[in-house]
Amino acid sequence: MAYSVSPVDATNGADDLYNKGAEEDVPVNKKTSFNGRLNQYFHISKPQDPASIDSRTPTDSPKRKLATSSEGGTSMKRTKPILKTTTTTTIARVTRSSSSSRSSTPSPSARSTTTRRKSALGTTPSPQKAPSPPSSSVSLLRDTIPPNLVLLLVGVNPGIMTGVTGFAYAHPSNLFWKLLHSSGITSIRHPPSDTYKLPELYSVGNTNIVERPTRDASMLSKAEMNAGVPVLEAKVASQRPEAVCLVGKSIWEAVWRVRKGRAIRKEEFRYGWQDEEENMGKGDGWKGAPVFVATTTSGLAAGMSMQEKEAVWAELGKWVVRRREERAASAAATVSKGDQ
């Protein structure tokens, strides 16, 4: 059986075929290429030369080949787009630039934290220690000068530790207690806490020419030393010890300045017993106490060796031991006469 197709039906058939192909293929005038979809994700920091940018649209690109069907319809044959090397290079360059800018530029929070730290360091002054005073004006050390001592020891002034504890020559580096023992003035090496036992045990007392405590005797002025001389003379005249030992050359220099009105010359100074005319506390029929100049016992003084210091103190120690023995013998003779 033969069928006839009218021109209208043929035309409608061709249109149906075209419409079906249009549903399956992508219309030519729609920008859906891979290159077109990828460009919207590019972030280019610097504008590129317009001449280097391909101005061809996806519709007139030679990669798209149009074919005319035998039925009179047209269809588009799609091929995969090829990315240009320049585009890949641009992506890499943009990525590096973006990465480096992120690494080199601190975030706002980091900048604010750094600013706060710098501001705090710049505006807040560092704590500074207040300078400690060189000495305290108060000393707990008391004089031990009962009447009729065999020996009165005269120091320069209390040290800081002596002023705080109230014990004479309290610093561990001081050689006072060691020299007292080695010279025979004391039978044992006493601790500084036995300061106030010396008068009763050994008939030995203690005082200073200056009462103000300092870390070192060199911190005292000559005016302070000179002012202490008449005070010392008055103490000796009042209590009348048998002898006075000046513990340190500087004390005798102060006494000499006050008495002579000038500094002592090098050839005039000597350790040990001084001339009788230099006795202290003279007056009211009393000839005064002989003066013995001993070496300093300070651990800071390094002008003499330990052997030289011990030799000077040994001379004083022999005299003290002899005088105590003579006193003891005299007291025993007095007691025996009373018993008869």
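Worth saying up front: this structure is predicted, and the values here are computed from it rather than measured. No hydrogens, no waters, no symmetry mates; every other heavy atom, side chains included, goes into these values.
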Whether the side chain of D143 engages the backbone of I145 through a donor-acceptor N/O pair (distance < 3.5 Å, no angle test) should be reported.
no
dist T297:OG1 -> L180:CG (nearest 0.5 Å) comes out at 8.5 Å
How long is the straight-line distance from NE2 of H181 back to CG of L175, given to the nearest 0.5 Å?
14.5 Å
Before you tell me yes or no, could you show the steps for M304 and Y271 under side-chain contact (heavy atoms from CB on, under 4.5 Å), namely the whole-Å CA-CA distance, both residues' side-chain angles and the distance that decides it to 0.1 Å?
CA-CA 12 Å; M304 298 178 67; Y271 286 108; 3.8 Å; yes
With K249 as the cation and F269 as the aromatic partner, state whether NZ or CZ is under 6.0 Å from the six-membered ring centre and within 45° of the axis.
yes
Say you draw a straight line from CG of L152 to SG of C245; how long is it, rounded to the nearest 0.5 Å?
9.0 Å
Counting distance only, does the side-chain N/O of E308 pair as donor-acceptor with the main-chain N or O of S305 below 3.5 Å?
yes
Does some side-chain heavy atom of D284 sit less than 4.5 Å from a side-chain heavy atom of R240?
yes
Is it true that the side chains of S187 and Y202 contain a donor and an acceptor less than 3.5 Å apart?
yes
For S330 and E326, indicate whether the former's side chain and the latter's backbone hold a donor-acceptor pair under 3.5 Å.
no
Quick one: does T195's side chain have a donor or acceptor within less than 3.5 Å of a partner on P192's backbone?
yes
Would the number of heavy atoms belonging to other residues, nucleotides or ligands and lying under 6.0 Å from CD of E310 be above 12?
yes
Are the side chain of R257 and the backbone of W252 linked by a donor-acceptor contact shorter than 3.5 Å?
no
side-chain contact (heavy atoms from CB on, under 4.5 Å) between L179 and Y169: does it pass, once the steps are laid out?
CA-CA 12 Å; L179 289 170; Y169 307 92; over 6 Å; no
Any side-chain to backbone donor/acceptor pair from T186 onto R189? Under 3.5 Å, distance only.
no
Side chain to side chain, L232 and M280, heavy atoms closer than 4.5 Å
yes
Give a yes or no on whether a salt bridge exists between R322 and E325, defined as a side-chain N under 4.0 angstrom from a carboxylate O.
no
Side chains of V247 and V154: does their closest heavy-atom pair fall under 4.5 Å?
no
Ion pair present between E268 and R262, side-chain N to carboxylate O less than 4.0 angstrom?
yes
Are V321 and W319 connected in the hydrophobic side-chain network, where two residues link if heavy atoms are under 4.5 Å apart?
no
Tell me whether R270 is salt-bridged to D275, with the criterion being a basic N under 4.0 Å from an acidic carboxylate O.
yes
Can you get from I185 to L201 by hopping between Ile, Leu, Val, Met, Phe, Trp and Tyr side chains that sit under 4.5 Å apart?
yes
Using modelled atom types only, decide if a donor and an acceptor are shared between the side chain of T144 and the backbone of N206 within a distance under 3.5 Å.
yes
Side chain proximity check, N208 to P158, heavy atoms < 4.5 angstrom:
yes
Taking the inter-plane angle between the rings of F292 and W273 on a 0 to 90° scale, is it parallel (under 30°), tilted (30 to 60°) or perpendicular (over 60°)?
perpendicular
What is the distance from atom CH2 of W177 to atom OG of S193, rounded to the nearest 0.5 Å?
8.0 Å
Using a 6.0 Å cut-off, check whether atom NZ of K178 has over 12 heavy atoms from anything other than its own residue.
no
All salt bridge (Lys or Arg N to Asp or Glu O under 4.0 Å) counterparts of R327, not counting sequence neighbours
E242
Closest non-hydrogen atoms of G159 and P213, given as atom of the first, atom of the second and distance, are O-CB, 3.8 Å
Flag, side chain of S203 to backbone of P199, donor-acceptor distance under 3.5 Å:
no
Sub-4.5 Å side-chain heavy-atom contact between M161 and P172
yes
Ionic contact status for E278 with K260, cut-off 4.0 Å
yes
Got V204 and L153 here, is their nearest side-chain heavy-atom distance under 4.5 Å?
yes
Can you check side-chain contact (heavy atoms from CB on, under 4.5 Å) on L149 and Q239, steps first, answer last?
CA-CA 8 Å; L149 289 169; Q239 301 305 99; over 6 Å; no
Quick check: is L198 connected to L141 through a chain of hydrophobic side chains (ILVMFWY, heavy atoms under 4.5 Å apart)?
no
To the nearest 0.5 Å, what is the distance between CD (E253) and NZ (K222)?
8.5 Å
Lys/Arg-Asp/Glu bridge criterion (N-O < 4.0 Å) met for E200, K197
no
If hydrophobic clusters are built by linking Ile, Leu, Val, Met, Phe, Trp and Tyr wherever their side-chain heavy atoms come under 4.5 Å apart, do V138 and I209 end up in the same one?
no
Indicate whether the side chain of N157 and that of T214 have a donor and an acceptor atom separated by less than 3.5 Å.
yes
Could you check whether any side-chain heavy atom of P241 comes within less than 4.5 Å of a side-chain heavy atom of V236, counting everything from C-beta outward?
yes
One thing to verify: whether E233 and R259 come together as a salt bridge, which I'm taking to mean a side-chain N less than 4.0 angstrom from a carboxylate O.
yes
side-chain contact (heavy atoms from CB on, under 4.5 Å) assessment of N279 paired with K282
CA-CA 7 Å; N279 288 3; K282 294 184 292 185; 4.1 Å; yes
Taking it one step at a time, do T295 and W313 satisfy side-chain hydrogen bond (donor to acceptor under 3.5 Å, both in side chains)?
CA-CA 8 Å; T295 66; W313 280 85; 3.1 Å; yes
Is there a side-chain contact between L140 and F167 in this structure, where contact means two heavy atoms from C-beta onward sitting under 4.5 Å apart?
no
Nearest 0.5 Å, what's the OG-CG distance between S250 and L220?
8.0 Å
